Asks: 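The structure that follows is given in the form of structure tokens.
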Amino acid sequence: MVPKIASMATRPLCSLPYLFLSFSLLFVVSLLFFFSNSLISNPNPRISHNTLQNGINVFVAELPRSLNYGLLDKYWSSSSPDSRIPSDPDHPTRKTHLPKPGKYPPYPENPLIKQYSAEYWIMGDLETSPEKRIGSFAKRVFSESDADVVFVPFFATLSAEMELGNGKGSFRKKNGNEDYQRQRQVLDFVKNTEAWKRSNGRDHVFVLTDPVAMWHVREEIALSILLVVDFGGWFRQDSKSSNGTSLPERIEHTQVSVIKDVIVPYTHLLPSLDLSQNQRRHSLLYFKGAKHRHRGGLIREKLWDLLVDEQGIVMEEGFPNATGREQSIIGMRNSEFCLHPAGDTPTSCRLFDAIQSLCIPVIVSDTIELPFEGIIDYSEFSVFVPVSDALTPKWLANHLRRFSEREKETFRGRMAKVQTVFVYDNGQGNGIGPIEPNGAVNHIWKKVQQKVPMVKEAVIRERRKPAGASVPLRCQCI
């Protein structure tokens, strides 16, 4: 028996079965470690974090200050109130709280302008000193050759709104239109840079949150990456159709697509409600706004007539002034659902006010485009309703009443987890300072980064084409 024992003791530990067992155990332990860390680092399963985390390199075109912060100086120094609203909070009859001049003036509080303020917060982040931009996804570089994209720092929305608000009716004209003159100045500058000539503007980023921003020069920036709130200002809807659902007709000089452009959120105008402060809601459905709209409002008008007398449904005519704001806060926080029909454009800041108010959005649209889809799944906290169903008498109210309390609580809980994704404001009155890492600005740049490989491919393909070669137009839609 002794030789047998000795032979077992001297058997090598690196035998194949032993090695196989060891590596198998090591593999299983590694997997458990990986998944446990993933669960800890990503406690919110409602937001996808598959986006690359190394950031995007952004070069800021060197436009004159008069085309961004200088426009704010001009806005605040004006003594003329906005002709479109009865009470302009930025230009009251008695001037008492005018902002002091500074390098970075505040953005307007006028709700018609403030809802489009993405340009201000994106620019403010890029202007912030590097040591305070640790949480910013966009990495500012100071050489065009180091950049993934070129950001064009033109406050196009502010420029357009200042022209619209002067009451002179000059917006669609070129003569006497200061907004057009600024648009022309921007394009004349960037088109003469080496960066533009290298890519034909494909890697340039323009913020066009106002549906009429850069109206006169859109054909010249059609290849660029455009940050827009939706495609409503780029298409013409046939409002004479029987049900308002006919396919839109493309306006010839425009070119927008979810492939190359980015849908961004409106700036919400109502304060955020924390889930812990949510109280019992007494209304089924709430809507506040104008019944009649200039473009594409036929569906809204029909819905209004169908719902205005329904029990538990509140339909209010209103304007986004101070009184209307307070009414909206109360109405949205008191209602289970908030109606979101199309108006002049498919979306509005009303949707993002509803999210901040934890009022479950009811989106009546067949063709709406929403911010950050692919990162966020809106169906997890919103109710999508086909137009044909919504326009059926009694259908919408009955459909919403079928949701149980548990389902509504689940919707609100999921909504609370994504509220910060739609927040631009960094809490600084001048827009300069650290941004919310999980906020709107970072998510916008993450979506822009997804476009970069396609842009680079298009630039390389364009370079190797023979001079004067004609390529047939291709559909750029999904």
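Please read all numbers here as calculations on a predicted model, not as lab measurements.
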Asks: Just wondering, do E336 and R412 contact through their side chains at under 4.5 Å, heavy atoms?
Replies: yes

Asks: Could you check whether atom NZ of K191 has more than 12 heavy atoms from other residues, nucleotides or ligands sitting under 6.0 Å from it?
Replies: yes

Asks: Would you check, one step at a time, whether the test side chain to side chain contact (heavy atoms under 4.5 Å, CB included) holds for M162 with I113?
Replies: CA-CA 9 Å; M162 288 171 65; I113 305 176; 5.5 Å; no

Asks: Does any part of the side chain of Y378, heavy atoms only, come nearer than 4.5 Å to the side chain of I368, both counted from C-beta?
Replies: no

Asks: Would you mind reporting whether V190 and L63 have side-chain heavy atoms less than 4.5 Å apart?
Replies: yes

Asks: So which atom in P341 and which in L303 form the shortest heavy-atom distance, rounded to 0.1 Å?
Replies: CB-CD1, 3.8 Å

Asks: Can a salt bridge be assigned to the pair R414 and E380 using a cut-off of 4.0 Å between side-chain N and carboxylate O?
Replies: no

Asks: Given S159, which partner from the list R182, E119, Q181 fulfils the side chain to side chain donor-acceptor pair (under 3.5 Å) test?
Replies: R182

Asks: Any Lys/Arg nitrogen of E462 or K465 sitting under 4.0 Å from an Asp/Glu carboxylate oxygen of the other?
Replies: yes

Asks: Atom NZ in K197, atom CG in N192: separation rounded to 0.5 Å?
Replies: 5.5 Å

Asks: Could you check whether any side-chain heavy atom of Y120 comes within less than 4.5 Å of a side-chain heavy atom of L72, counting everything from C-beta outward?
Replies: yes

Asks: Once the angle between the rings of F352 and F422 is folded into 0 to 90°, is it parallel (under 30°), tilted (30 to 60°) or perpendicular (over 60°)?
Replies: tilted

